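Okay, so here's the structure we're looking at.
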Amino acid sequence: MDKKVKVRFAPSPTGDLHVGNIRTALFDWAYARHTGGTFLFRIEDTDTTRVTDEYIQAAIDTLKWLGLNWDEGPEVGGDNGPYLQSQRLDIYAEWAQKFLDQKDAYHCYCTPAELEATREAQRAANVAPGYDGKCRNLTAEQISAYKAEGREAVVRMRMPDGSTTFIDEIRGEVSFDHKFVPDFVLVRADGSPLYTLAVAVDDVLMKVTHVLRGEDLLSSTPRQIRVYQAMGVKSEDYPVFAHLPFVMGQDNAKLSKRNGEVSIAWYREQGYLPEAICNYLALLGWSPGDDRENITMKELCELFTVEKVHSSPARFDMKKLEAINGDKIRALTLDEFLKWSLPFLTKAGIITGTDSEIALVKAALPIIQERIVKINEVPQMLKFLFVKDFAVEADSVSKITDDVSKDVLKRSLKELEPLTTWNHDSIEAALRACLIDEMGLKPRIAFGAVRIATTGSTISPPLFESMELLGKEASLARIAAALTL
RNA sequence: GGCCCCGUCGUCUAGCGGCCUAGGACUCUGGCUUCUCAAGCCAGCUACGAGGGUUCGAAUCCCUUCGGGGCUACCA
């Protein structure tokens with residue numbers, strides 16, 4: 001098979017895209033990039049009761065934010081559009097009519113209530129549930145009788161006897177006996193198409209060569225193949241199927257709001273980097289085969305193959321995502337780190353965005369880069385440099401009101417005041433000389449008091465660097481103020 | 001219930017008949033380093049679901065069983 005690979009990601013945006021969807025999108029994208037093929041993005045919005053324009057737009061934005069760029073699809077266009085199924089209704093109607101003409105499909109006049117009743121009976125009788133084929137061979141009289149009753153018909157695909165066998169690239173040969181694949185509906189009574197029709201028609205028309213999707217769709221594959229057959233597609237032209245394992249929640253339940261946040265928008269707000277999310281998600285159900293874990297998007301494209309994809313489901317682990325996010329943050333250049341941090345700082349009201357503020361942020365970023373795991377920790381870390389009405393944290397006040405602390409602060413003030421050069425080296429030299437050498441205090445005791453006085457907290461970035469950034473005037477003022485507590 | 005998929009440390013995984021007294025990563029625990037917090041380094045804990053085969057030899061192959069999941073819609 002030497003035709004060019006075309007992979008598609010075709011979500012049905014009935015809500016915000018979640019980590020499971022994104023993992024699928026990531027694998028689709030990585031496979032397309034790995035093979036030098038095309039990545040097609042299609043919106044499956046045939047279920048108009050559940051899909052909204054907002055969710056569609058959110059899906060587009062999420063993919064863009066993650067850097068999963070597509071070659072064909074919404075906004076970028078392509079030769080096989082439109083890429084919203086709601087804009088392709090006439091195409092599906094045409095094919096449905098063709099199937100009807102070919103007798104591959106037929107009108108079914110059964111009402112939902114009747115179908116429900118037969119299902120109930122089947123279940124009670126302990127036989128495989130499914131459409132019983134009642135309307136398969138209706139006579140003209142029966143049809144007009146139903147119509148006279150005012151019944152609306154759906155279009156149902158005729159599933160011939162036999163079985164469907166296909167090779168799943170991840171699971172191997174999979175076979176379904178048609179006894180368990182009942183005739184299925186292609187078109188609703190209102191004339192709108194169903195997934196089973198639209199997905200197959202589009203994959204053929206859009207010349208998709210590889211279908212990498214969630215394993216929940218595994219058992220719908222025989223139906224999809226049935227549509228290919230009715231369309232006259234030769235079996236050698238069927239796309240290759242690969243059903244990806246699920247991404248599960250902390251317990252073994254499916255991912256949901258209940259266990260861990262699932263919406264990508266949430267991760268974005270929390271300060272996770274797209275590259276970290278993709279890196280972590282790539283490790284869920286796939287591995288490069290060696291011990292490498294921290295990989296770039298570029299490396300993922302180079303390394304990704306379907307053969308290395310697992311067949312078993314993976315549990316989502318927030319802790320590991322955080323660890324990877326921390327690694328990615330540490331790997332950021334200063335300018336990148338600044339770019340990611342600024343929005344969080346302004347949103348938190350720490351800075352307004354003036355040049356001098358940004359310059360100070362940029363100077364301070366290096367000392368916190370290895371201390372945070374998520375970008376949303378930046379405001380809290382740098383807050384002490386910008387607050388107008390500085391105050392020591394309530395919990396820490398009592399730690400600097402004892403005699404030893406008072407001495408430390410008094411002495412520090414005295415030693416620091418005459419300093420003409422204000423940088424972390426001069427500050428450290430001065431403080432060490434008086435507090436450690438002369439007073440004989442333990443560094444953690446002595447510097448701890450100064451830390452609380454100047455940064456307001458027992459936890460802060462490195463003390464001397466922090467004081468350098470704070471400036472001499474503010475540092476001394478804070479120490480003096482602490483003495484009055 | 002039926003059909004289908006899946007089953008290695010707590011979690012993600014390496015492993016594709018001998019290199020496995022099962023390796024790596026995250027988490028956790030202890031230690032080193034240290035101005036706090038981190039980062040870094042070192043050490044430790046913990047796994048082939050169970051039972052049968054096949055084989056000189058099985059985490060790797062086969063069967064059964066148990067467990068988990070998906071589907072069973074005029075959802076996708």
Side-chain angles (χ1 to χ4, degrees), chain A residues 10-12 14 44-47 49-51 108 110-112 115-116 119 122-131 152-156 168 170-171 174-177 179-182 184-190 192-196 198-199 213-222 243 245-246 248 250 252-254 280 283-294 310-324 326-327 330 367-373 381 428 431-432 435-436 442-448 450-452 455 457-464 466:
Chain A
S12 181
T14 56
E44 311 231 322
D45 55 349
T46 55
D47 186 355
T49 62
R50 298 167 65 211
V51 178
C108 169
C110 296
T111 65
L115 295 170
E116 183 55 36
R119 264 198 297 271
Q122 287 162 333
R123 210 169 274 259
N126 214 357
V127 296
Y131 186 63
E152 304 263 284
V154 300
V155 177
R156 202 177 272 280
D168 183 285
I170 294 169
R171 284 145 220 286
V174 181
S175 189
F176 288 89
D177 191 316
K179 282 202 288 280
F180 308 110
V181 187
F184 56 98
V185 178
L186 296 170
V187 182
R188 294 186 181 88
D190 68 3
S192 62
L194 251 39
Y195 171 78
T196 45
V199 71
R213 68 210 318 187
E215 72 163 295
D216 51 332
L217 270 350
L218 181 61
S219 50
S220 85
T221 305
H243 289 89
F246 283 120
M248 323 275 279
Q250 315 290 13
N252 49 7
K254 247 188 126 172
Y280 174 61
L283 265 17
L284 252 33
W286 174 85
S287 88
D290 52 29
D291 290 338
R292 301 167 68 180
E293 291 206 323
N294 191 323
H310 260 238
S311 48
S312 54
R315 237 90 27 195
F316 185 83
D317 181 10
M318 192 81 77
K319 278 275 194 285
K320 180 122 181 179
L321 203 213
E322 286 177 0
I324 290 176
D327 286 340
R330 268 167 250 134
I367 65 172
I368 65 165
Q369 190 159 12
E370 68 179 26
R371 286 160 223 281
I372 61 169
V373 152
M381 293 290 262
E428 176 167 10
L431 257 24
R432 273 192 194 282
L435 303 177
I436 313 302
K442 281 196 158 70
R444 62 181 302 137
I445 303 291
F447 299 144
V450 181
R451 180 190 312 285
I452 292 172
T455 70
S457 170
T458 54
I459 298 172
S460 82
L463 181 60
F464 314 116
S466 296

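Below, chains carry the letters A, B, ... as their sequence lines are ordered, and counting in each starts from 1. Please read all numbers here as calculations on a predicted model, not as lab measurements.
- Side-chain contact, A:Ser192 with A:Arg188: a donor N or O sits under 3.5 Å from an acceptor N or O.
- If you take atom C1' in B:U27 and the same atom in B:U11, they sit 8 Å apart, rounded to whole Å.
- For the pair A:Phe464 CZ and B:C35 P, the interatomic distance rounds to 8 Å; values are reported in whole Å.
- Between B:C75, B:C26, B:C71, one nucleotide has an atom nearer to the side chain of A:Lys319 than all others, and that is B:C26.
- Between B:G40 and B:G49, the distance separating the two P atoms is 33 Å to the nearest Å.
- A straight line from CG of A:Leu463 to P of B:U34 spans 17 Å, rounded to a whole angstrom.
- Spacing between B:U72 and B:C63 at atom P, rounded to whole Å, works out to 28 Å.
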**Fill in**
Protein heavy-atom contacts under 4.0 Å, written 5' to 3' over nucleotides 39-50 of chain B as B (base), S (sugar-phosphate only) or - (none), form the string SS----------

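- Within the 4.0 angstrom heavy-atom criterion, only backbone atoms of the sugar-phosphate kind lie near A:Leu283; the bases stay farther away.
- Partners of A:Glu322 according to the salt bridge (charged side-chain N to carboxylate O under 4.0 Å, His left out) rule, which considers only residues two or more places apart in sequence or in another chain, do not exist here.
- At the heavy-atom level, A:Pro11 lies nowhere under 4.0 Å from the strands shown.
- B:C26 sits 35 Å from B:G67 when the P atoms are compared, rounded to a whole Å.
- Here the P atom of nucleotide B:C35 and the CD1 atom of A:Ile436 are 8 Å apart, to the nearest Å.
- Take A:Arg171 and apply the side chain to side chain contact (heavy atoms under 4.5 Å, CB included) test, not counting sequence neighbours, and it matches A:Asp168, A:Val174, A:Glu215, A:Leu218, A:His243, A:Pro245, A:Ser311.
- Nucleotides B:C12 and B:C35 place their C1' atoms 37 Å apart, quoted to the nearest Å.
- Atom CD of A:Gln122 and atom P of B:C71 are 19 Å apart (whole Å).
- Distances shown here put every side-chain N or O of A:Arg451 at or beyond 4.0 Å from the OP1 or OP2 atom of B:U36.
- Among the atoms of the strands shown, base atoms are found under 4.0 Å from some heavy atom of A:Thr458.
- Listed here is the closest heavy atom pair of A:Leu463 and A:Arg451: CD1-CA, 3.5 Å.
- Across all strands, A:Gly326 comes closer than 4.0 Å to no nucleic acid atom at all (heavy-atom distances).
- Taking A:Tyr131 as the reference, nothing meets the ring-ring contact (aromatic ring centres under 6.0 Å, His included) condition, with sequence neighbours excluded.
- Here the side chains of A:Val154 and A:Leu194 are not in contact, with every heavy-atom distance at 4.5 Å or above.
- Between A:Tyr195 and A:Asp47, the closest side-chain pair of non-hydrogen atoms is not below 4.5 Å.
- Residue contacts for A:Pro462: at a heavy-atom cut-off of 4.0 Å it reaches a base atom on one of the strands shown.
- Residue order along RNA chain B, read from the 5' end via each residue's closest nucleotide, puts A:Ile459 first among A:Ile459 and A:Gly130.
- Counting any heavy atom pair closer than 4.0 Å across all strands shown, A:Gly214 reaches no nucleic acid atom.
- Take A:Ala323 and apply the side chain to side chain contact (heavy atoms under 4.5 Å, CB included) test, not counting sequence neighbours, and it matches no residue.
- Residues A:Gln122 and A:Pro182 have side chains not in contact (no heavy-atom distance under 4.5 Å, counting atoms from C-beta outward).
- Straight-line distance between the C1' atoms of B:U46 and B:C28: roughly 10 Å, to the nearest whole Å.
- Using a 4.5 Å heavy-atom cutoff, the side chains of A:Leu321 and A:Phe316 are in contact.
- Summary of the strand contacts: A:Arg123 and A:Ala323 both lie near RNA chain B, and taking for each the nucleotide with the nearest heavy atom, the more 5' one is attributed to A:Arg123.
- Between the side chain of A:Glu293 and the base of B:G24, at least one donor-acceptor pair of N or O atoms lies under 3.5 Å.
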Give me the distances for all protein-to-nucleotides 3-9 of chain B N/O pairs that come in under 3.5 Å?
| from | atom 1 | to | atom 2 | distance (Å) |
| --- | --- | --- | --- | --- |
| B:C5 | O2' | A:Arg171 | NH1 | 2.4 |

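- B:U55 and B:C61 have their C1' atoms separated by 10 Å, given to the nearest Å.
- With sequence neighbours excluded, the residues forming a side chain to side chain contact (heavy atoms under 4.5 Å, CB included) with A:Leu283 are A:Asn279, A:Glu293, A:Ile324, listed by chain and number.
- Phosphate proximity of B:A73 to A:Arg119: present, with a side-chain N or O under 4.0 Å from OP1 or OP2.
- Nucleotide B:C45 forms a pair with no other nucleotide shown, judged by Watson-Crick or G-U wobble geometry with both contacts under 3.5 Å.
- Both distances falling under 3.5 Å, in either a Watson-Crick or a G-U wobble arrangement, place B:G40 opposite B:C32.
- Across B:C74, B:C12, B:A76, the shortest atom-to-atom separation from the side chain of A:Tyr195 is found for B:A76.
- The phosphate of B:A25 (OP1 or OP2) has no side-chain N or O of A:Arg292 nearer than 4.0 angstrom.
- With sequence neighbours excluded, the residues forming a side chain to side chain contact (heavy atoms under 4.5 Å, CB included) with A:Glu370 are A:Arg330, listed by chain and number.
- Applying the 4.0 Å criterion to OP1 and OP2 of B:U34, one finds that A:Arg444 has every side-chain N and O outside that range.
- Comparing B:C9 with B:G2, their C1' atoms are spaced 36 Å from each other, to the whole Å.
- For the pair A:Phe316 CZ and B:C12 P, the computed distance is 12 Å after rounding to whole Å.
- A:Leu321 comes within 4.0 angstrom of no nucleic acid atom, judged by non-hydrogen atoms across all strands.
- As the counterpart of B:U11, B:A25 is assigned, both hydrogen-bonding distances of the Watson-Crick or G-U wobble pattern falling under 3.5 Å.
- Residue A:Thr46 is in sugar-phosphate contact alone, with no base atom involved, counting any heavy-atom pair closer than 4.0 Å across all strands shown.
- Atom CZ of A:Arg188 and atom P of B:A73 are 15 Å apart (whole Å).
- Picking from B:A14, B:C12, B:C75 the nucleotide with the shortest atom distance to the side chain of A:Ser287 gives B:A14.
- Rounded to whole Å, the distance from CG on A:Asp317 to C1' on B:U11 is 5 Å.
- Using a 4.0 Å heavy-atom distance criterion, A:Ala189 is classed as a base contact.
- Remark: A:Arg444 engages no residue in a side-chain hydrogen bond (donor to acceptor under 3.5 Å, both in side chains) (not counting sequence neighbours).
- At a threshold of 4.0 angstrom between heavy atoms, the contacts of A:Val185 are confined to the sugar-phosphate backbone, with no base atom among them.
- Summarising the geometry, the separation between CD1 on A:Ile368 and C1' on B:U36 is reported as 15 Å, rounded to the nearest angstrom.
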